[in-house]
Amino acid sequence: MLLDLMFKRRSIRSYAEKPVENEKLAVLAKAVLLAPSSRGIFPCEYVIVRDKKTLEALSRAKAHGSSFLKNAPLGIVVCADTRKSDVWVEDASIASTYIMLFAQSLDLGSCWIQIRKRKNSEGESSSSYIRSVLGIPEGYEIESIIAIGYPEREHPAHTEDELDFEKLHYEKYQG
Ligand SMILES: Cc1cc2nc3c(=O)[nH]c(=O)nc-3n(C[C@H](O)[C@H](O)[C@H](O)COP(=O)(O)O)c2cc1C
């Protein structure tokens, strides 16, 4: 059941030394292309990276919160042509979420690395740094990198007790 997968999904930042099988990568590739897109424009593009050196370079995209990518066997860079859609952020966020949920369904761990609006340790925008590492043309913005791999250890699933039901408002907002 999808809800069970969602309870089990945790942000995984340490990975076993085991590659992601081609068959699993093929499923992830199809899944992300199934993500919905506003007005059916599909402005997103996905760069699938398995090369260790490239992953290491990408792990330096941000001053904080991206270094663990160098030990991941796979990263999927989610970017979009911002000229095609004014709501590319929403499209790219849904695509990123699809990747994480499908990764969980394949017993893979994943973690979102925020790129949009972030900088590297030199003060350069993380997007422009990644554009130059991967040869992504101007006009494309990078939303995220989703790091993927087999978890090094088990992480406790979320539990029902953690859910903040007070965030739910029925019929009208109750303050
Ligand atoms: C939009 C977004 C950006 C995030 N950026 C990062 C990041 O740059 N680095 C990181 O290590 N985790 C990042 N995370 C993971 C969150 O820290 C994590 O989802 C949160 O702490 C909840 O933990 P859980 O995913 O295990 O449920 C991001 C998550 C989201 C949704």
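Counting starts at 1 for both ligands and their atoms, following the listed order.
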Does the pair Ile115 and Val77 meet the rule for a side-chain contact (heavy atoms from CB on, under 4.5 Å), with working shown? CA-CA 9 Å; Ile115 298 300; Val77 178; over 6 Å; no
I would like to know whether Glu56 and Lys70 meet salt bridge (Lys or Arg N to Asp or Glu O under 4.0 Å); could you show each step before the answer? CA-CA 4 Å; Glu56 203 277 322; Lys70 64 177 178 293; over 6 Å; no
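Shortest contact from atom 28 (C) of ligand 1 to any protein heavy atom: Trp112 O, 3.7 Å. Protein heavy atom nearest atom 19 (O) of ligand 1, with residue, atom name and distance: Ser11 OG, 3.2 Å.
A distance-only check finds no donor-acceptor pair linking the side chain of His155 to the backbone of Arg10 [under 3.5 Å]. Put simply, the side chain of Ser126 gets close to the backbone of Ala61: a donor and an acceptor are under 3.5 Å apart. Side chain of Ser66 to backbone of Ser59: a donor-acceptor contact under 3.5 angstrom is found.
Distance check on atom 22 (C) of ligand 1: every protein heavy atom falls at or beyond the 4.0 Å cut-off. Protein heavy atoms are found inside the 4.0 Å sphere centred on atom 9 (N) of ligand 1.
Those atoms of ligand 1 with a heavy atom of Phe68 less than 4.0 angstrom away are 11 (O). Residue Arg10 has at least one heavy-atom neighbour below 4.0 Å for each of these atoms of ligand 1: 24 (P), 26 (O), 27 (O). In summary, the atoms of ligand 1 found under 4.0 Å from a heavy atom of Ile113, numbered by their order in the structure, are 7 (C), 8 (O). Within ligand 1, counting atoms from 1 as listed, the ones closer than 4.0 Å to a heavy atom of Lys62 are 7 (C), 8 (O).
At least one heavy atom of Arg9 sits less than 4.0 Å from an atom of ligand 1. For His158, the heavy-atom gap to ligand 1 drops under 4.0 angstrom. Not a single heavy atom of His155 sits closer than 4.0 Å to an atom of ligand 1.
Counting heavy atoms from C-beta outward, Ile145 and Ile76 have side chains that stay 4.5 Å or more apart.
With a 4.0 Å cut-off on non-hydrogen atoms, Cys111 touches ligand 1 through its side chain and not its backbone. Contact annotation for Arg13 and ligand 1: only side-chain heavy atoms (C-beta onward) come within less than 4.0 Å of the ligand.
By the neighbour-count criterion of 12 heavy atoms within 6.0 Å, atom CD of Glu166 is sparsely surrounded, having that number or fewer from other residues, nucleotides or ligands.
Salt bridge annotation for Arg39-Asp86: present, with a cationic side-chain nitrogen under 4.0 angstrom from a carboxylate oxygen. For the pair Asp81 and Arg83, the salt-bridge criterion is met [side-chain N within less than 4.0 Å of a carboxylate O].
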